[in-house]
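For clarity, every value in this text was computed on a predicted model and none was experimentally measured.
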Amino acid sequence: MIEPMKKVSVVLLNKEREDALKSLRKIGLVHLEKLEGSSEKLSAFKEASANATVTESVLGEIKLPKKSKGDKQLLSNEETAKLCAEVVAKAEQKKQLLEEISSDATELDRFAFWGTVTNEDFDYLKEKGIALKMYEVPVEKYSQIEGQIQTLLVNKDKKTARFLIINGGEGRPENLLPEAFEVPLPRISTKLLEDEIKADEKKVSEIEAFFAEKAKYLTSIALFKKNLESDIEFENVNAGMEHESIGSENDLAWISGYVPEACLEEFKKACADNKWALAYADPEDDDLAVPTKLKNNKLVSLIYPLTDFLGTVPGYHEFDISGWFLLFFTIFFAMIFGDGGYGALVLILTLVLMLKAKAGGKKIAPVFGLITLVSVATIIWGAVTCTWFGIPVDMLPDSLKNLSIPWISNVYEDKLWTVPWVSEVNGKAVGLTKSQNLQIFCFSLALVQLAVAHIKAAARNISLKNGLKAVGDIGSLMQLIGMFWVVLSMVVNSDVFPMLGSIGTVPVGKIEISLIAVGFAFSFVFANYEGSIGASILESCKNIISVLLGVVNVFSDIVSYIRLWAVGLAGAAISETVNTLAGPILGHAVLFIAAIVLLVFGHGLNMILNLLSVIVHGVRLNTLEFCTHIGMAWSGVKFNPFSEKKSS
């Protein structure tokens, strides 16, 4: 559930502002409204934080010896700030030096075939009345340079002739071949360029040695940076807090935020103890700044590591779907991984890591609980479908085969499962294959999950005394049910699930069309209801294209769930292929190790691909299809109280 919040405003004396904020941070109950402060102190903190970030990046690239990685030597905050500023300065110096080296090296490359070029020699000769300019021309053209241009050949190769023009004037000689181009003198003599490069490279080496020597203080820098985050947060609030500017001893300052309703009495007592004035009220419906704090049991809370990783937070006025998210994500994970053997490997590895953490006195990460749950679900799915490391079913023991559910089991891959209402069409047997049964299961999951979305939306509108808008949600649910049968007919088997016509005396065609038509009418009339049916209809008319496409979207959303079967099928095919490749060489003593490597690599890669598929497909069905139907935008801000976060 989403914990109810109270919007609070605290008023205090401006002269006590800083001490009051320190007390407020110790209390640690208030999520403050966003503030943008400005002060010299805040700017200094931000500059130090930026320096620490750059320093972490620079020193983090240094590979420390193993004995240095455990170095716990810490610097004081002052020493760390000085070190970070020094590292940033040297990093900038290194950047400039590398740019100079690159520029000088490019300059030297221009004269690679000219030898040593000394600017002073050119200047000296010019003073003596001998002005020289360097030129290059295609080697076959050199002989065509007219005799009135006095040249001196320096050298030539297969492509280019290099020569000097003697006393050719200030500009380009008029009769010079257009193919000839002048080579400008270097910035400084080539010998000096070489010396400059060597000097710069020496400085770069010294800077890199400095970085390598200071990399052992990365722990200090990380702690310093974390403490700065707390300082920046505090000073930002201090500088951004609204206050009177009369100049009186009794000038007031005030700040607003949100406190969980369950903690309100505790906060009221803290305000009384600190002699602060307090006002509080329920958040308004249009207040978008209300933070979201979720409160669920330990089982449902297993989904939090995933939602934190995704950065998804429901809005305060939205739904908490944590329980449904966990339920369906667990099913989706199991179906996409699809292999009981893979699930067992993940479970064993997770248990080993949990025991290792516990033995080391460390707290077991919450994500291990989620991984344990989904790996157990994968084992169960692998058992009911008889899928174990892609091993052919005829090579599996009967004990594993007997665990499977026949109509979705690989043991009965070729069996045709008949249904009560139709056994044959035109003399041919009609039924459902194992793959079709799995497709039906996928579409049934879609029906259940999306139906939950519309039922929750309708229940919310009823609780808000907006029953007519709930009729629009019921209309969407009716479209969903009718379209479910259309999907079964078009995708699975039209003989077993006829789109038009009847099954016995049941007119399924009329029922499905009626559900879609009536549901569309209810949705069209009431989906936008906010007190006026006419206004609701007008709003639907304004968006008529989207409304009409909404019916098609219901179809595509249901069909979208077939990805669970398709991705699981792809994973099974890869595991079978790996086994097929490794099987022939597994029995050879010489190639046995190669076969093991192939099996480990192939199945390991398949597990990684399955994990990516879970993130792409399993998460998508919850955060897109399901949330679209329930009307969630994940517009929330996570509850983050103003509290002490410094590290020691």
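- The salt bridge (charged side-chain N to carboxylate O under 4.0 Å, His left out) test applied to Glu242 returns no partner, not counting sequence neighbours.
- Atom CD1 of Ile364 is separated from atom NZ of Lys356 by 13.5 Å, given to the nearest 0.5 angstrom.
- Between Lys226 and Glu229 there is no salt bridge, since none of the side-chain N atoms of the basic residue sits less than 4.0 Å from a carboxylate O of the acidic one.
- Side-chain contact, Asn461 with Tyr529: no donor N or O sits under 3.5 Å from an acceptor N or O.
- From Leu264, atom CG reaches atom NZ of Lys6 across 7.0 Å, with rounding to the nearest 0.5 Å.
- No more than 12 heavy atoms of other residues, nucleotides or ligands sit less than 6.0 Å from atom OH of Tyr280.
- Within 6.0 Å of the CD atom in Glu213, the count of heavy atoms belonging to other residues, nucleotides or ligands exceeds 12.
- Distance check: Asn274 CG to Lys26 NZ gives 10.0 Å after rounding to the nearest 0.5 Å.
- To the nearest 0.5 Å, atoms NZ (Lys225) and OG1 (Thr53) are separated by 3.5 Å.
- The aromatic rings of Phe329 and Phe325 are tilted relative to each other, their planes meeting at an angle between 30° and 60°.
- A salt bridge does not link Lys469 with Asp473: none of the charged nitrogens is closer than 4.0 Å to a carboxylate oxygen.
- We find the NZ-CG distance between Lys358 and Leu353 to be 15.0 Å, quoted to the nearest 0.5 Å.
- The OG1 atom of Thr312 sits 4.5 Å away from atom CH2 of Trp634, with the distance rounded to the nearest 0.5 Å.
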For a quick test of your reading: what N or O donor-acceptor pairs under 3.5 Å do the side chains of residues 374-381 make, sequence neighbours left out?
residue : atom : partner : partner atom : Å
Ser375  : OG   : Ile371  : O            : 2.9
Ser375  : OG   : Thr372  : O            : 2.9
Thr378  : OG1  : Val374  : O            : 2.7

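- Here Glu33 pairs with Lys7, Ser256, Tyr258 under the side-chain contact (heavy atoms from CB on, under 4.5 Å) rule; sequence neighbours left out.
- Relative ring orientation between His629 and His454 is described as perpendicular, the plane-to-plane angle rising above 60° on a 0-90° scale split at 30° and 60°.
- When side chains are defined from C-beta on, Pro314 counts as touching Leu294, because their heavy atoms get closer than 4.5 Å.
- Remark: side-chain polar atoms of Glu266 are not paired, donor with acceptor, to backbone N or O of Cys263 under 3.5 angstrom.
- The existence of a salt bridge linking Asp320 and Lys295 is excluded, since no basic side-chain nitrogen approaches an acidic carboxylate oxygen closer than 4.0 Å.
- Side-chain polar atoms of Tyr316 and Asp287 form no donor-acceptor pair below 3.5 angstrom.
- A salt bridge links Arg620 with Glu625: the closest approach of a Lys/Arg side-chain nitrogen to an acidic carboxylate oxygen falls below 4.0 angstrom.
- More than 12 heavy-atom neighbours from other residues, nucleotides or ligands sit within 6.0 angstrom of CZ on Phe210.
- Judged by distance alone, the side chains of Tyr561 and Gln449 do bring a donor and an acceptor atom under 3.5 Å apart.
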